[in-house]
Number of protein chains: 2
Amino acid sequence: MAEQPRGSVTLMDVAARAGVSLATASRALNGSTRKVGDDLRERVLDAARSLNYAPNAQAQAMARGRTNVVGLVVHDIADPYFSSIAAGVMEAAEGQHVLVTLGSTLRRPDREVDYLVAMRGQRSRAVILAGSRMDDSSVADALRREIDIFESDGGIVVAISQKQLPVDTVVIENRLGARDLASSLVDLGYRRFGVLAGPDAMLTARDRVHGFREGLGRAGVDLDSAYVVHGAFTRDGGHQAMGTLLGAVGAGELDCVFAVNDVMAVGAMVACREAGLTVPQDLGLAGFDDISTLRDINPALTTVRLPLEKVGATAFELVASAADRTKPRTRRIKGEVVLRQSTRST
Amino acid sequence: MAEQPRGSVTLMDVAARAGVSLATASRALNGSTRKVGDDLRERVLDAARSLNYAPNAQAQAMARGRTNVVGLVVHDIADPYFSSIAAGVMEAAEGQHVLVTLGSTLRRPDREVDYLVAMRGQRSRAVILAGSRMDDSSVADALRREIDIFESDGGIVVAISQKQLPVDTVVIENRLGARDLASSLVDLGYRRFGVLAGPDAMLTARDRVHGFREGLGRAGVDLDSAYVVHGAFTRDGGHQAMGTLLGAVGAGELDCVFAVNDVMAVGAMVACREAGLTVPQDLGLAGFDDISTLRDINPALTTVRLPLEKVGATAFELVASAADRTKPRTRRIKGEVVLRQSTRST
DNA sequence: TTGTATGCGTTATCAA
DNA sequence: TTGATAACGCATACAA
């Protein structure tokens, strides 16, 4: 990428054409409340319009010492979980004169730190870390360190998922949701469960497994760890994990499988079909998230609904209101069990 | 959102700590190749590291007269079509020291212009317009006008979808894909078609309908315009349009329905189910895009596969290579018919 | 209310 | 090779 000449009109051009000083032009266009006479203001606005003037945001940032850019870092923007959160952020940002810069780590935790550094360089006003925290102390330490620097520069950091970092956080009640789901499934009569668990280091996955086990325990049902199979947090991960699970257990040993997210559940459903099993007659299947795009698969997926757009919007609200905060705040978002056709009815 | 103090480390701090001049520090850190003595360079790098120095991108932008920001404007980031394209863009941008700013218009065409203005203010190096062009001359004129300004400022504009604007474009062969699909469906024995057509003003939708009709025509099959129902380019739009269509025709009058995208097709499939129709036994159903998240719905959708991530990557490549261009370039991306269970087999 | 002048952090031009 | 200094475009403290 080579350089391009940039011949933008500047505030000076506008001021010259309006026959006023730089300061007056600035005040008329961007300055705070009422300080410019109506006639001059009009002249300046006219000049700006006829010259197609757009304030140089970089220069404004330098002069003001702050930008109107907010960073959003996700694990994978193609994943509907994250694209929904992104939509929520974008909608909340709408009309706030904020531009959102996107980072997609491709599920490599260390890239989160890279993006944070890049966004500090850009002097982003805030960064929203949308993905699950990981159980990896070296990455977490590096991240914490970079967050400290970012914040000491006056930046705001908001996390979504677990309260692992000392920043404003939108906590997703994964554990609670999974517990409720387990309880509902036991109510439906299921007793012998398998779990497609996602990567062990991913706290979101782990919380869901823990919560699920907890819910079963309260109902007096035991979860055999042999039936907990880890796999990637993706459709293929679910497909593969289900294959492994089915290969490891005899027929009839399982009556219900919980995939820790909907995307994995869909992969699992395909694996079932390939194995000649019918859901829910031969096996119940449940997911987590209630991804809207997946709501119409057949049989419809029993899951835990998460208001993902609201999650994104809430994160943005934390950013927008961060000036008044004294210490890290927490917003809790609960999931709601939704029983559908992928599990049997009572 | 109130202001925050920003106490960033500046290049001056680094220079001072290294005991060199500003110029030397600049050259050692960001300047071009080999011009600083090894010892001084080392001192500067050490100082920068120990101070956690991150260059102020705004200041660099001012001094250099250009930024490393690229804008990406989509209709709806939550739509898997766009999130896949976004993923392609992000991946291509990876490691290029480019930051991507996201705009989501929520399907309001005029907001595209707003984002373009905002990104011009930000002095984005380029903007990628990812959504379908619309048949709305007032919006198109406004957009064209703003593009002129953006380009005269040295900015690069790349469009995805139709070649409606005088800019580098990744053309998606909607017409061709739909024609091939029609041909394949006729080969399967279908004769009486319905179409769920999306908004009439949206060129992507319109091209697909035209191509489909064209393909049918070549095979000697007529498409009754009464069976072409318009609706929103969404799941609900497909659901509703299918309901309308089913209400308007008698049983057996239709043997196959083409929804102009997969998301609508999914809604249509639900409408069929609700009407007691089985796909493909009672009615064939086809979509367009081959959205990966929807690949596992049952019955699997016959569709036209579009390499969406590649589309995004190609758009970014056009941005990256724009310096050498003399006149607007075109990259054509073809779709490929994929026959699955939602249409009968031969 | 309006204008003048300074500084924001960096790159790049010019001397040394 | 290194250093001093003038831009870059804007906001704002201060002066008028």
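Hydrogens, waters and symmetry mates are skipped; everything else that's a heavy atom, side chains included, is used. Labels below follow one simple rule: chain letters A, B, ... track the order of the sequence lines, proteins then strands, and each chain is numbered from 1.
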Please walk me through it: do B/Asp168 and B/Arg331 pass salt bridge (charged side-chain N to carboxylate O under 4.0 Å, His left out)?
CA-CA 8 Å; B/Asp168 283 356; B/Arg331 296 278 181 280; over 6 Å; no
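For the OP1/OP2 pair of C/dT2 and a distance below 4.0 Å, the side-chain nitrogens and oxygens of A/Ser21 include no atom meeting the criterion. Between C/dT11 and B/Gln60, a contact under 4.0 Å exists linking OP1 or OP2 to a side-chain N or O. Contact between the side-chain N/O atoms of A/Asn30 and the OP1/OP2 oxygens of D/dA11 is found at a separation under 4.0 Å.
Nucleotide C/dT2 holds its P atom 11 Å from the NZ atom of A/Lys35, rounded to whole Å. Rounded to an integer number of Å, the gap from B/Arg66 CZ to D/dA7 P is 20 Å. Atom pair A/Asp13:CG and D/dG9:C1' shows a separation of 10 Å (rounding to whole Å applied). When the P atom of D/dA7 is taken as reference, atom CE of A/Met12 falls 12 Å away, rounded to whole Å. A straight line from CG of A/Asn56 to P of D/dA7 spans 18 Å, rounded to a whole angstrom. Per the geometry, CZ belonging to B/Arg27 stands 15 Å off P belonging to C/dT10, to the nearest Å. Residue A/Gln58 contributes atom CD, which lies 13 Å from atom P of D/dA11 at whole-angstrom precision. When the P atom of D/dC10 is taken as reference, atom CD of B/Gln122 falls 15 Å away, rounded to whole Å.
Of the candidate nucleotides D/dG3, D/dA11, D/dT12, D/dG3 has the atom nearest to the side chain of B/Val20. Set against C/dT2, D/dC8, C/dT10, the side chain of B/Ala59 has C/dT10 as its closest nucleotide. Minimum atom distance to the side chain of A/Leu11 is reached by D/dA11, of the listed D/dA11, C/dT2, D/dA4. Closest contact between the side chain of A/Ala63 and the listed nucleotides C/dT11, D/dT2, D/dA11 involves D/dA11.
Both B/Arg64 and B/Gly37 lie close to DNA chain D; mapped to their nearest nucleotides by heavy-atom distance, the more 5′-ward contact belongs to B/Gly37.
Among the heavy atoms of the strands lying under 4.0 Å from B/Leu22 is at least one base atom, whether or not backbone atoms are also near. Within the nucleic acid shown, A/Ser26 comes within 4.0 Å of at least one base atom, counting heavy atoms only.
Tested against B/Ile128, the residues B/Val157, B/Leu318, B/Val319 include a single side chain to side chain contact (heavy atoms under 4.5 Å, CB included) partner, B/Val319.
Between A/Asp46 and A/Arg43, no side-chain nitrogen of the basic residue sits less than 4.0 Å from a carboxylate oxygen of the acidic one, so the salt-bridge criterion is not met. Look at B/Asp148 and B/Arg145 and you find no salt bridge, because none of the NZ, NE, NH1 or NH2 atoms lies under 4.0 Å from a carboxylate O.
Around NZ of B/Lys310, the count of heavy atoms belonging to other residues, nucleotides or ligands within 6.0 Å does not exceed 12.
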